[in-house]
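Everything on this sheet refers to the single structure shown next.
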Amino acid sequence: MINMADFKELCPHREFCGGCIYQDVPYEKQLEEKEREVLRLLEAKGVKPEKTDRIEGCPTPFCYRNKMEYTFGDFVKDGEMTLGMHRKKNFMSIVTVDSCRLVDPDFNVILRAVLDFAVEKGYTFYHKRSHSGLLRNLIIRKGIRTGELLVNIVTTSEEGFDEDKFTKMLLSLTLDNEIVGVLRTYCDSLADAVVPDSLKTLYGRDYYMEKLLGLDFKVSAFSFFQTNVEAAERLYTEALALVDSFEGKKAFDLYCGTGTISQVLALKAKEVLGIELVEEAVDAARENAALNGLDNCRFIAGDVFKVLSEVADKPDVIVVDPPRVGIQPKALDKIISYGVKEIVYISCNPKTLAENLRYLDYYGYKCRYLKPFDNFPMTKHTECIALLEKE
């Protein structure tokens, strides 16, 4: 068992970094607080599952993240350049986090090297108010099972960035993992988010490979993929085990992302239809299904409600894994209209889960089982799985 007191001493960013909120809380207490919050949200909406399991802890409280999106900025106005996370209660201030304990040590090495390179070159960072400057973000992604790293520097279209020296600098670093791709994303959006205008490969490839539940996945620069692979494997395994058997059944995987759950389902079910709004994710899902030799799952890009209104297929069981905003009423109504016996709900937001479960309960879908999972220690986030059965 990892001693959280040691973790506190090891992290020099805990005072200002807004990435973690539970640095000073023993892990057992974190689990208790998250479980209590899930139960409180359910009770507030009048949702009473027939059975609620205790929260499942994470295999390890740190070094679990396979993706980080860092921001260039400064800690104090007109101060030296920083690269890292937003400061607690001060969104305009950026804290350099080159000793973060939630990521592989290679992330910290790369962050520090990129920041030093930017300072040495005299580059400017993008100012949110004046909408000027060169450097915006640094995104690092890692294949936990493959040891492959993808480094993506996000800049404006402002001239002056030395792509060749930047790439050579990265490839000269001593790392435990291997950089398989160096990318540059151009982003001139006024929004404080990475909205890619174009993507350029400076070295290698624009994706990394990952393995999950015995399947291979090609993860591109902006594809969604579970941030904690080991915890996701456990969550998916338990979620799909809630249904006695998928054999001979047609399953819908709604909000399927890159089709991770769809492909695991395809190993069990007769046929799987995955629906996802983000077209790039659907392209990745199709490519990964082909990579794994799965010909019994197909994917459609589009809004879940609109797609369901157009397809003639009728499911035997439905799996949903919506974004944090949950499932909108129109989509819920369409899901309910199928009258399937079982719905498996995977949630990354207990608040919207409670709201959706209340809605489903009104229309005859009772929550037979619910279990929270702590896939992101030190943060406020909690995931849940639930089994709904139609009475």
Side-chain angles (χ1 to χ4, degrees), residues 64-67 104 139-152 177-183 185 196 199-241 246-247 249-302 304 307 311 313 315 317 319-321 323 344 346 375:
Y64 61 79
R65 291 191 63 91
N66 62 12
K67 176 188 175 184
D104 186 289
I139 304 172
I140 306 175
R141 306 190 70 162
K142 176 192 171 185
I144 299 296
R145 302 282 167 68
T146 61
E148 296 185 348
L149 293 169
L150 200 62
V151 182
N152 185 0
N177 301 281
E178 178 189 4
I179 295 178
V180 296
V182 178
L183 313 174
T185 295
L199 179 68
K200 183 178 182 181
T201 302
L202 305 181
Y203 166 81
R205 39 186 161 91
D206 62 355
Y207 64 91
Y208 71 91
M209 296 302 298
E210 183 59 283
K211 293 181 178 292
L212 191 148
L213 290 171
L215 298 171
D216 294 314
F217 291 91
K218 178 180 176 181
V219 186
S220 59
F222 292 102
S223 291
F224 171 79
F225 200 78
Q226 283 291 337
T227 312
N228 187 339
V229 169
E230 290 190 4
E233 279 192 329
R234 177 194 56 195
L235 183 146
Y236 289 162
T237 299
E238 292 198 28
L240 298 183
F246 286 96
E247 188 175 353
K249 294 180 180 178
K250 180 179 292 185
F252 279 9
D253 178 17
L254 308 182
Y255 312 93
C256 68
T258 52
T260 310
I261 297 174
S262 302
Q263 292 174 67
V264 176
L265 275 171
L267 299 174
K268 306 169 181 285
K270 177 183 178 181
E271 186 180 335
V272 180
L273 171 63
I275 303 174
E276 166 61 40
L277 180 63
V278 181
E279 197 160 336
E280 183 190 9
V282 171
D283 290 339
R286 290 170 179 152
E287 192 170 358
N288 286 321
L291 183 67
N292 289 303
L294 299 171
D295 57 6
N296 63 331
C297 57
R298 63 191 180 98
F299 301 93
I300 299 177
V304 166
V307 173
V311 298
D313 306 58
V317 61
V319 178
V320 296
D321 186 5
V344 177
I346 301 172
N375 289 2

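Quick note: residue numbers are just sequence positions, from 1.
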- Message: Test your reading of the model: is there a side-chain donor-acceptor pair from Glu148 to the backbone of Met209, 3.5 Å cut-off?
- Response: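 Between the backbone of Met209 and the side chain of Glu148 there is a qualifying donor-acceptor contact (under 3.5 Å).
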- Query: Can you check whether Leu212's main-chain N or O pairs, donor with acceptor, with Arg145's side chain at less than 3.5 Å?
  - Reply: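 It does not hold such a pair.
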Point-to-point distance, once rounded to the nearest 0.5 Å, from [atom1] of [X] to [atom2] of [Y]:
{"X": "Ile144", "Y": "Thr227", "atom1": "CD1", "atom2": "OG1", "value": "10.0 Å"}
{"X": "Asn288", "Y": "Leu294", "atom1": "CG", "atom2": "CG", "value": "10.0 Å"}
{"X": "Phe299", "Y": "Cys256", "atom1": "CZ", "atom2": "SG", "value": "5.5 Å"}
{"X": "Lys200", "Y": "Leu183", "atom1": "NZ", "atom2": "CG", "value": "11.5 Å"}
{"X": "Gln226", "Y": "Asp321", "atom1": "CD", "atom2": "CG", "value": "6.5 Å"}
{"X": "Leu150", "Y": "Asp206", "atom1": "CG", "atom2": "CG", "value": "7.5 Å"}

Check whether any side-chain heavy atom of [X] sits under 4.5 Å from a side-chain heavy atom of [Y], and report yes or no.
{"X": "Lys67", "Y": "Val219", "result": "no"}
{"X": "Tyr236", "Y": "Val319", "result": "no"}
{"X": "Asp313", "Y": "Arg298", "result": "yes"}
{"X": "Leu240", "Y": "Ile261", "result": "yes"}

- Query: Which pairs count as salt bridge (Lys or Arg N to Asp or Glu O under 4.0 Å) when at least one residue sits in residues 213-229, sequence neighbours excluded?
  - Reply: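 Salt bridge (Lys or Arg N to Asp or Glu O under 4.0 Å) check on residues 213-229 returns Lys211-Asp216, Lys218-Glu287.
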- Query: Can you list the residues that meet the salt bridge (charged side-chain N to carboxylate O under 4.0 Å, His left out) rule with Arg65, with sequence neighbours excluded?
  - Reply: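 So Arg65 forms no salt bridge (charged side-chain N to carboxylate O under 4.0 Å, His left out) with any residue.
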- Glu230: what forms a salt bridge (charged side-chain N to carboxylate O under 4.0 Å, His left out) with it, not counting sequence neighbours?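 Scan of Glu230 (salt bridge (charged side-chain N to carboxylate O under 4.0 Å, His left out), adjacent residues dropped) gives none.
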- With Glu238 via side chain to side chain contact (heavy atoms under 4.5 Å, CB included) - residues at least two apart: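 Expected list: Glu56, Arg234, Lys371, Phe373, Ile385.
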- Item | Phe225: ring-ring contact (aromatic ring centres under 6.0 Å, His included) partners, not counting sequence neighbours |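 So Phe225 forms a ring-ring contact (aromatic ring centres under 6.0 Å, His included) with Phe217.
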- Asn375 and Ala232: which non-hydrogen atoms are nearest, and at how many Å?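 Smallest interatomic distance, heavy atoms only, reads ND2-N, 4.3 Å.
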- Task: Show your working on side chain to side chain donor-acceptor pair (under 3.5 Å) between Asn152 and Thr185 and close with a plain yes or no.
- Result: CA-CA 7 Å; Asn152 185 0; Thr185 295; 3.0 Å; yes
Side-chain polar contacts of residues 263-281 - donor-acceptor pairs under 3.5 angstrom, sequence neighbours left out - could you list them?
unit_1, atom_1, unit_2, atom_2, d
Gln263, OE1, Ala289, N, 3.4
Gln263, OE1, Asn292, ND2, 3.0
Gln263, NE2, Gly259, O, 3.2
Glu276, OE1, Gly257, N, 2.9
Glu276, OE2, Val278, N, 3.1
Glu280, OE2, Ser220, OG, 3.1

